[in-house]
Amino acid sequence: MRNRSALLFLLLAMAYTGRAQSVISGKVIDSLTQQPIAFVSVTLQDGRHGTNSDIEGNFKLSIPTGYTGAVFLSHVSYQKATLPLSAFHQKTTIALKQNSTLLSELTVLSGENPAFKIIRQAIEHRKENDPKNLKSYSYTSYSKFLVTPSEPDRKTDSLLYVWQHQPDSVKLTKDQKDIMQFNKLAEMSNLFLSESVSEKKVMNPGQSKEKLLAYNISGFKSPIFSSAAMDAQPFSFYDENIALFGKEFINPIQPGTFRRYDFYIVDTTYYHTDTVYVIQFSPREKKYFNGLEGLISISVDNYAIKNVMASAADSLAMVGIRFQQDYEKIDGHWFPVQLNTDMDFHNLNLAGRTLKAQQRSFFKEIKIDPPVDAHEFGDIKLELSSINKNVNAAILDRYRVAPLDVKELNTMVAMDTMMRKVRWLDGVFEALATGYIPAGWAEIDLSKVASFNQYEGTRIGMGLYTNDRFSKLIRAGGFYGYGIKDHQSKYGGEVKLTFNRNRDFFLRLSYAHTIYETGSLHEYNEGQFLSNSSFRKWAASQYDGITAYKTEFGYRILPNIHALASLAYNEIRPTYAYTMQVNGEPQSTFNIAEGGFAIRYVRQESYTSLRGKKIFLSYKYPVITFALTKALNLFNAKDFRYTIYDFTLKHQTRYTAFGKTMVTIMAGIVDGNAPYGKLFNGRGGKTSSFYVENNFQTMGLYEFTASKYVAIFFRHNFGNVLLRKKYSKPELLIFQHASVGTLTHASLHQGILIQSMDKGYFESGIGLDNIIRIPYIGLGYFNFGGSIFYRYGPYQLPVQSDNVVYRVNFTFTL
């Protein structure tokens, strides 16, 4: 009886609590643009209860029992509004008028700026508030990517009005008709729309897996155009550097920020019962760095970021970039729930309009520290797998924040109609991304179609391999190539069995009758991102022919460690006049059996998976590779007993105010006698017109040879520290390169001139990137720079001008 009474009392208490509070809701929009306003403070007159509008302008606020006062809406960029509680009988749309300036000028205060104390607390607590430091988390994301024209400028708007109201007797020109037609299209439809739903799981440090569940794309069918695949938004505002479309911006929430940023409290609001400080920030005057400006709201609850609105503080940028983030407290941890990114191509004119791109992401079903299985994580971070078409629409409807409006629906219909005759473009873009052209159950390897070097001239050919439609376990195929200059055929084939793609667990059997560059390094490069060292391959001119039979076994031992074991039989034929004394007899062909083992450490290497192909995304430094190759007494290969050791370390360090440093250390040992083609060349790159990473710019390609060597390449980019103009935004670079190597048993190698570098090779350089910036159709800048390198030390050339080389650098930025 007593238990029944207690249960009845609990139910009555819950019912009373439900009646004790009411909830009001609304949406806040801009009175001129009718666009939603994010992070508007919605507070009650008692000064203890409040909330914020989300990124879409929506809000909900619980009203305590008996409250009859007003509701206040405020935002630093808009005029304040006061509404009676009676105005919220149902969801209400409130239009706010803009202030004369979007952000006020920062004011220098006497004494310590009160915003500094809050920012210090936010910096002190950033590690515990950063969601990236959680043990694990998961969520389901709905994302939408939109490309649309802006409203017409005043001049075009006036002309459109005149043309629309002209009498029928007045004939419009073709250009005027085109502008009116584009205007009609812009009012009815966007230019592109993509939406997607994906599921993401994260296990820290650095392990993540995102799977595409559903998508809908205007005009295209390939998942590579899904909003999940194109999402480049920063996930958290706690990183030291915020990456946005190829640029990295210094975060104001980190130690030492007051040397670079100014802060000013512009408002004090409430979220539930917590006080929230709204702080304006921008780079300090005459501070040259990639900075941000905007508003950040800090909750007194553990001094966590509640929301942020930031944009690139670069008045010279071709593209205006801004983003918004909103955080909620979930299971005791602050976590982002909404992300917005906007790009304004304000220099790209389309019939009196400019172009805008918008990315919107909403996180649902967020779980903090859920149980996860470590085996489901690999280097594939985003899986664009085939989806179930029967449930695709239902999944989108379930997670879509709001139904597509009329303009968005028109976009789908219009683009699908327009692109119907060019569906092949899906395949073109997928081929460019993956490097393969699908052909039923097979695919064409684009890397085998054409290549160039000084020895072959242009090589043309074909590579054909089976794909996942044939078998997910077995991949088989081959290649053929023909050198226009050397008039020689190259060909080969392979069979690869992939047992577990998540673990990179595979077995590969291959045969090749081809060539390799003399003295090329024995690095284990599989999976790494290509650098500008590819320029070096274009200049290569000395090659060995090789017929190779090889077995390889690969496995990812740990999340950051990949291993490869191999067994090979090679027949090597130098294409130049060369013999080696082997057992007292000169030989010009060499039969060698080799066993190899390579291991590579790389942090958070990540790929997108598309139709069984891996598309590189990124990795973090350091990258360490070690390879061991040993000549074996197998088959009919009995003349060599060498062992080759290779080591490479690449590391990049970023400094908040002093740019970034890149250091590469390379070392190798050939222990025993090996043919010239198996030794190390000096890593010369003098014949290239472009800067070649991790090569000596003043050294000839085959000037030095070593059986033991060590080299260091140091490069530091100070960033934009000199001046910042529209057509010139130079970045200062310095280089220091050095190497030393010895060559044992040089007398065994005959017919070719070889030189060791046991006295040490040295060169230094200085350069300026982005000396000249050329605008390109309002999208960005072509940047041209240059460097000068000087050779000195024991191997300095007698003619001083021969010790100096110039290098060109070229990039494209927004």
Side-chain angles (χ1 to χ4, degrees), residues 451-457 459 483 485-486 488 514-523 532-546 572-581 588-590 642 644 646 648 666-670 673-711 713 737-763 789 791 793-799 802-805 807:
S451 61
F452 178 81
N453 59 66
Q454 296 299 319
Y455 175 75
E456 296 177 286
R459 182 203 283 198
K485 188 175 179 180
D486 69 334
Q488 295 292 320
T514 186
I515 59 174
Y516 74 94
E517 187 184 2
T518 302
S520 60
L521 295 185
H522 311 269
E523 295 177 37
N532 59 12
S533 60
S534 57
F535 294 135
R536 169 66 172 71
K537 297 178 181 178
W538 298 354
S541 60
Q542 190 166 281
Y543 283 82
D544 284 49
I546 184 171
I572 299 173
R573 305 171 304 277
T575 63
Y576 43 92
Y578 169 73
T579 59
M580 179 181 179
Q581 291 291 326
S588 58
T589 61
F590 313 99
Y642 59 77
I644 300 175
D646 262 295
T648 302
M666 294 179 168
I669 298 174
V670 179
N673 296 327
Y676 174 67
K678 288 284 184 178
L679 301 177
F680 303 100
N681 63 41
R683 297 200 64 83
K686 187 173 183 178
T687 59
S688 174
S689 298
F690 296 91
Y691 171 74
V692 181
E693 184 178 331
N694 301 328
N695 275 257
F696 290 94
Q697 314 303 306
T698 60
M699 181 191 292
L701 268 65
Y702 311 106
E703 185 176 353
F704 295 96
T705 305
S707 54
K708 299 178 182 179
Y709 89 104
V710 61
F713 299 91
H737 305 157
S739 182
V740 62
T742 60
L743 177 62
T744 57
H745 306 294
S747 61
L748 297 178
H749 308 281
Q750 299 174 355
I752 190 169
L753 180 64
I754 57 177
Q755 179 183 194
S756 69
M757 50 179 178
D758 49 288
K759 297 179 182 179
Y761 188 94
F762 305 93
E763 71 177 17
F789 291 85
R791 170 175 176 165
Y795 298 104
Q796 186 177 36
L797 299 174
V799 180
D802 293 338
N803 294 306
V804 180
V805 299
R807 288 291 178 262

Geometric class of the Tyr578/Tyr676 ring pair [parallel <30°, tilted 30-60°, perpendicular >60°]: tilted
Salt bridge (Lys or Arg N to Asp or Glu O under 4.0 Å) against Arg807, all qualifying residues, sequence neighbours excluded: none
Nearest-0.5 Å distance that lies between atom CD in Gln796 and atom CD in Glu763: 12.5 Å
Side-chain heavy atoms of Ile515 within contact of Glu456, under 4.5 Å: yes
Candidate pair Ser707 and Leu679, rule side-chain contact (heavy atoms from CB on, under 4.5 Å), full reasoning: CA-CA 6 Å; Ser707 54; Leu679 301 177; 4.3 Å; yes
Under 3.5 Å donor-acceptor, Ser739 side chain and Tyr709 backbone: no
Within-4.5 Å side-chain heavy-atom neighbours: Gln581 and His745: no
Minimum side-chain heavy-atom gap Asn453-Lys537 below 4.5 Å: no
Derivation of the side-chain contact (heavy atoms from CB on, under 4.5 Å) call for Tyr455 and Gln542: CA-CA 7 Å; Tyr455 175 75; Gln542 190 166 281; over 6 Å; no
Listed partners of Phe713 passing ring pair (Phe, Tyr, Trp, His ring centres under 6.0 Å), at least two apart: Phe696, His737
Side-chain heavy atoms of His749 within contact of Met580, under 4.5 Å: yes
Atom of Gly682, atom of Met757 and distance for their closest heavy-atom approach: CA-CE, 4.1 Å
Tyr576 and Thr518, any side-chain heavy atoms less than 4.5 Å apart: yes
Check: Gln454 main-chain N/O paired with Lys485 side-chain donor or acceptor under 3.5 Å: yes
Steps toward side-chain contact (heavy atoms from CB on, under 4.5 Å) verdict (Ile546, Thr514): CA-CA 6 Å; Ile546 184 171; Thr514 186; 4.0 Å; yes
Asp544 side chain reached by Pro574 side chain, heavy atoms, under 4.5 Å: yes
Carboxylate-amine/guanidinium proximity below 4.0 Å for Glu703 and Arg791: yes
For Phe704, all residues meeting ring pair (Phe, Tyr, Trp, His ring centres under 6.0 Å), sequence neighbours excluded: Tyr761, Tyr795
Smallest separation among heavy atoms of Pro794 and Gly760, with atom names: CD-O, 3.5 Å
Student check: side-chain heavy atoms of Ile572 and Thr589 closer than 4.5 Å: no
OG1 on Thr744 to CG on Asn673, rounded to 0.5 Å: 6.5 Å
Minimum heavy-atom distance Gly457-Phe452, with the two atoms named: O-CD1, 3.0 Å
side-chain contact (heavy atoms from CB on, under 4.5 Å) between Phe789 and Asn803, worked out: CA-CA 8 Å; Phe789 291 85; Asn803 294 306; over 6 Å; no
Point-to-point distance, once rounded to the nearest 0.5 Å, from CG of Asp486 to OG1 of Thr575: 8.5 Å
Whether Asn695 side chain and Gln697 backbone form a donor-acceptor pair below 3.5 Å: no
Any Met666 side-chain heavy atom under 4.5 Å of Asn694 side chain: yes
Closest contact, heavy atoms only, Tyr702 versus Ser541: OH-N, 3.0 Å
